[in-house]
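Accompanying notes for the structure given below.
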Amino acid sequence: MSSKEVIAKRAAAALVDGDIVNLGIGIPTLAADFIPDHIKVFLHSENGILGIGPTPLEGKVDKDLVNAGKLPVTVETGASYFDSASSFGMIRGGHIDVSILGVLEVDEKGRVANWSVPGKSVLGVGGAMDLLEGSKKVIVTTLHTAKNGASKIVKDLHYPITSERPADIIITELCVFDVDAEGLILTELFPGVSLTEVKAKTDAYFRIKENLIETESESKGAD
Amino acid sequence: MSSKEVIAKRAAAALVDGDIVNLGIGIPTLAADFIPDHIKVFLHSENGILGIGPTPLEGKVDKDLVNAGKLPVTVETGASYFDSASSFGMIRGGHIDVSILGVLEVDEKGRVANWSVPGKSVLGVGGAMDLLEGSKKVIVTTLHTAKNGASKIVKDLHYPITSERPADIIITELCVFDVDAEGLILTELFPGVSLTEVKAKTDAYFRIKENLIETESESKGAD
Amino acid sequence: MTKLITRGEAMNYIKDGCRMMVGGFGLVGCPLTLVETLLATSVTDLEIISNNLGEPGKGLGALVRQGRVRKGIGSYFTSNPDVAAAFNRGELDIELLPQGTLSEAIRAGGAGIPAFYTGVGAGTKIAEGKEERVFSDKRYILQEALRADVALIKARKADELGNLIYSKSARNFNPIMAAAANIVIAEVDEIVPAGGLCPENIVTPHLFVDFLVLKEGG
Amino acid sequence: MTKLITRGEAMNYIKDGCRMMVGGFGLVGCPLTLVETLLATSVTDLEIISNNLGEPGKGLGALVRQGRVRKGIGSYFTSNPDVAAAFNRGELDIELLPQGTLSEAIRAGGAGIPAFYTGVGAGTKIAEGKEERVFSDKRYILQEALRADVALIKARKADELGNLIYSKSARNFNPIMAAAANIVIAEVDEIVPAGGLCPENIVTPHLFVDFLVLKEGG
């Protein structure tokens with residue numbers, strides 16, 4: 001499994017039966033492939049769909065049926081369509097159980113930057129702020145470090161903040177942090193990942209859950 | 001024709017082809033029977049219907065299909081149903097061409113009181129304020145005087161005002177007033193009605209249209 | 001993960017002192033099976049958001065007559081003399097809103113909008129005690145959103161997931177109340193399998209609906 | 001009283017300097033026949049309210065490339081490099097709103113609500129210059145409604161009266177824009193007789209729609 005798949009799979013494992021889930025672009029979209037068989041979740045798309053299904057087969061694309069990333073999708077039995085104001089009313093009104101989001105950075109309070117890069121013209125925000133503000137639970141999925149090796153889990157955000165509302169869970173290819181009122185708590189290390197490695201690659205201050213377990217190799221992993 | 005029918009017929013004559021019309025309870029409802037054959041108007045009901053048709057025949061009543069007065073109605077071909085927030089969005093948003101309203105009183109600026117009687121508990125307003133505030137044109141239909149002979153077209157309202165927005169036309173069994181920024185203008189006398197009678201029965205100050213015509217008997221009436 | 005419960009089970013979600021939304025325009029579109037079941041319980045001290053409080057002794061009117069309603073928030077209570085009597089005895093608190101302000105406040109509550117401005121009621125008795133503000137030389141008043149602990153609504157048909165469609169003018173306040181309460185219980189005439197409602201025609205998507213109750217005799 | 005006009009006639013309602021709403025999420029649900037017809041006119045200096053400004057050289061993107069858009073109000077222009085280029089040259093003004101704030105502001109414009117509060121964007125760059133207010137210890141910002149001189153929308157099917165239904169996720173901004181402009185022109189794939197759409201399933205009642213134009217080749 002690639003790093004991104006490890007993250008997506010762990011995010012999917014955080015879902016519970018009946019959840020209404022909004023998946024962001026990138027790693028979050030991959031989570032759809034790892035939803036456990038014993039639960040049923042419903043995928044919401046902010047462009048006006050509840051009940052998104054798998055990507056259509058070639059030749060079966062409907063040009064009127066796309067997700068928020070403007071990619072062709074299908075719908076499941078029991079799906080519904082609605083207008084954009086209704087869709088964002090669902091988001092802002094607290095009717096989405098879980099949003100899984102990609103980020104540029106997340107800070108030591110769990111706050112997210114995922115919409116704008118400084119120095120570039122600010123020309124797109126889409127639904128990023130709405131989803132972070134309104135979803136009951138926010139799961140951040142991100143590679144632990146950027147291509148240049150810099151930590152993406154930082155003391156202070158270098159990029160403009162998306163919302164004052166922090167994420168609830170942060171999942172990287174190395175570990176999982178929960179977020180509470182004081183900040184980050186490291187709750188899981190993936191198999192083969194050491195606490196030393198996470199400390200080295202994390203700029204943000206974080207607490208460590210009691211009895212945190214390091215497992216040495218993938219084969220011993222519970223995940 | 002009864003006085004109320006005279007009023008209702010004149011109100012219906014003020015409608016134009018294609019108008020979206022909301023009819024209040026009482027005299028306004030009667031106007032539906034006098035809509036000229038050569039025009040087509042669409043009746044809106046604030047409880048969520050566009051395209052109300054005639055009263056159903058006995059035995060053909062649908063308990064889920066009532067007007068804003070909670071009386072059984074039918075719908076015409078091309079009708080639609082919507083929720084209460086959408087319906088009042090139409091009203092407040094300026095999508096209703098004409099509202100025909102009953103009143104307790106109207107003042108010399110054309111402002112209306114039609115929702116609350118002083119001294120009694122204020123326990124109902126319904127859609128009265130919305131319709132007055134939001135409709136493009138407001139036609140007031142009222143008997144000229146109350147049962148005790150008091151003018152219903154008054155200098156100052158005795159009852160709580162419904163909206164700061166004045167009516168556009170006031171139709172009684174005696175005459176028609178237009179309303180402009182300065183107040184009332186008497187524009188029509190019904191056949192057999194003298195200017196003297198209107199002056200005697202009207203407490204409000206009003207101007208008189210140039211070349212206003214008094215017709216002596218019903219048979220000579222243009223109406 | 002079925003949402004279907006009995007009318008008796010539905011009562012577990014209605015607690016003494018709670019704030020409740022009840023759909024309907026008069027008795028049309030009112031969840032009468034749920035209201036009748038509630039009448040048979042001892043739940044009291046209710047705050048009810050509903051356009052009306054039923055008719056004398058009927059629907060919510062029966063709750064009013066039994067003195068189990070602490071406060072009514074709606075637009076038109078004039079047609080129920082019991083409401084005026086209870087109000088005048090000081091036993092019932094009333095908050096009166098223009099019908100469009102009531103419905104917009106409920107929609108706002110469901111859509112995460114804490115407050116909005118409306119021109120309706122500005123300069124009238126309804127505006128007393130409300131904040132006023134001028135936009136483009138016109139007066140508006142501030143209205144805060146309405147939400148409730150539980151909403152009892154009526155729909156014509158549900159699918160097993162809880163998607164809803166309504167019947168004619170019985171739609172009225174039901175779809176907006178479906179979004180504005182912590183627990184939403186929909187009384188329906190009929191439940192069809194998932195897929196039995198066309199995705200384009202669903203009025204209330206299932207994410208708003210917690211429980212389904214079949215109408216008595218429905 | 002027919003609402004059907006030609007695509008050429010529709011252009012009479014789009015004037016230099018006007019403020020226009022255009023439906024669609026990217027090209028999905030965008031009234032492309034109307035946009036293409038507009039491209040063939042000389043109308044310029046447009047202010048466009050639309051979630052995006054098309055794609056590079058496509059849909060509204062072609063208008064941007066020709067320098068005929070004065071200002072864009074939307075939520076996501078990042079996918080069209082022409083927009084960034086024109087913005088950086090100072091030739092295009094941009095007002096960026098979170099997508100939910102954009103859609104709610106359009107809905108408010110159609111529903112006679114002058115302004116509302118939203119928590120989305122509070123404490124971020126989006127809030128700069130906006131009024132802030134606290135309700136129940138949480139920060140919100142004030143957003144005024146959006147309206148336009150003309151709206152170009154896309155629906156799947158109309159009846160002769162102008163009632164509309166949409167297709168899947170091509171619905172998006174179209175129903176709310178149908179309510180929020182002085183003149184509303186709907187491009188449709190098909191027109192059926194009155195009565196051809198079920199009253200329960202009509203999404204946009206005909207009172208919102210001024211003119212119908214048939215999609216090219218539709």
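Keep in mind that this is a model prediction, so the values were computed, not measured. Here is how names work: the chains are called A, B, and so on, in the same order as the sequence lines, proteins then strands, and each is numbered from 1.
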> Among A/Ser80, A/Gly94, A/Gly51, which residue forms the greatest number of heavy-atom pairs with chain C at distances under 4.5 Å?
Replying inline: A/Ser80
> What part of C/Leu207 lies closer than 4.5 angstrom to a heavy atom of chain A: side chain, backbone, both or neither?
Replying inline: both
>> Whether A/Lys40 and A/Glu76 form a salt bridge (side-chain N of Lys/Arg under 4.0 Å from carboxylate O of Asp/Glu) is what I want to check.
In response: yes
>> Does the Lys NZ or Arg CZ of C/Lys15 fall within the cation-pi geometry relative to C/Tyr13 - under 6.0 Å from the ring centre and within 45° of the axis?
In response: no
> Who among A/Thr77, A/Ile49, A/Leu50 has the most heavy-atom pairs with chain C under 4.5 Å?
Replying inline: A/Leu50
> Can you list the steps and then say if A/Arg92 with A/Glu133 is a salt bridge (Lys or Arg N to Asp or Glu O under 4.0 Å)?
Replying inline: CA-CA 7 Å; A/Arg92 209 177 31 232; A/Glu133 176 79 15; over 6 Å; no
>> Quick check for you: to the nearest 0.5 Å, what is the distance between A/Glu46 atom CD and A/Ser84 atom OG?
In response: 9.5 Å
> Checking C/Lys138 against C/Tyr140: charged group under 6.0 Å from the ring centre and within 45 degrees of the axis?
Replying inline: yes
> Hey, do the aromatic rings of A/Phe177 and A/Phe206 have their centres closer than 6.0 Å?
Replying inline: yes
>> Looking at C/Lys154, is its backbone amide N or carbonyl O close enough to the side chain of C/Asn174 to form a donor-acceptor pair, meaning the two atoms are under 3.5 Å apart?
In response: yes
>> With a 4.0 Å cut-off on N to O distance, would you call A/Asp180 and A/Arg207 a salt bridge?
In response: yes
>> Sub-4.5 Å heavy-atom contacts with chain A: which residues of residues 104-122 of chain C show up?
In response: C/Arg107, C/Gly110, C/Ala111, C/Gly112, C/Ile113
> Between the side chain of A/Asp168 and the main-chain N/O of A/Val138, is any donor-acceptor distance below 3.5 Å?
Replying inline: yes
> What are the two closest heavy atoms between C/Thr41 and C/Met11, and how far apart are they?
Replying inline: CG2-CG, 3.7 Å
>> One thing to verify: whether A/Arg10 and A/Glu188 come together as a salt bridge, which I'm taking to mean a side-chain N less than 4.0 angstrom from a carboxylate O.
In response: yes
> Where along residues 101-115 of chain A does a heavy atom come under 4.5 Å of chain C, listed by residue number?
Replying inline: none
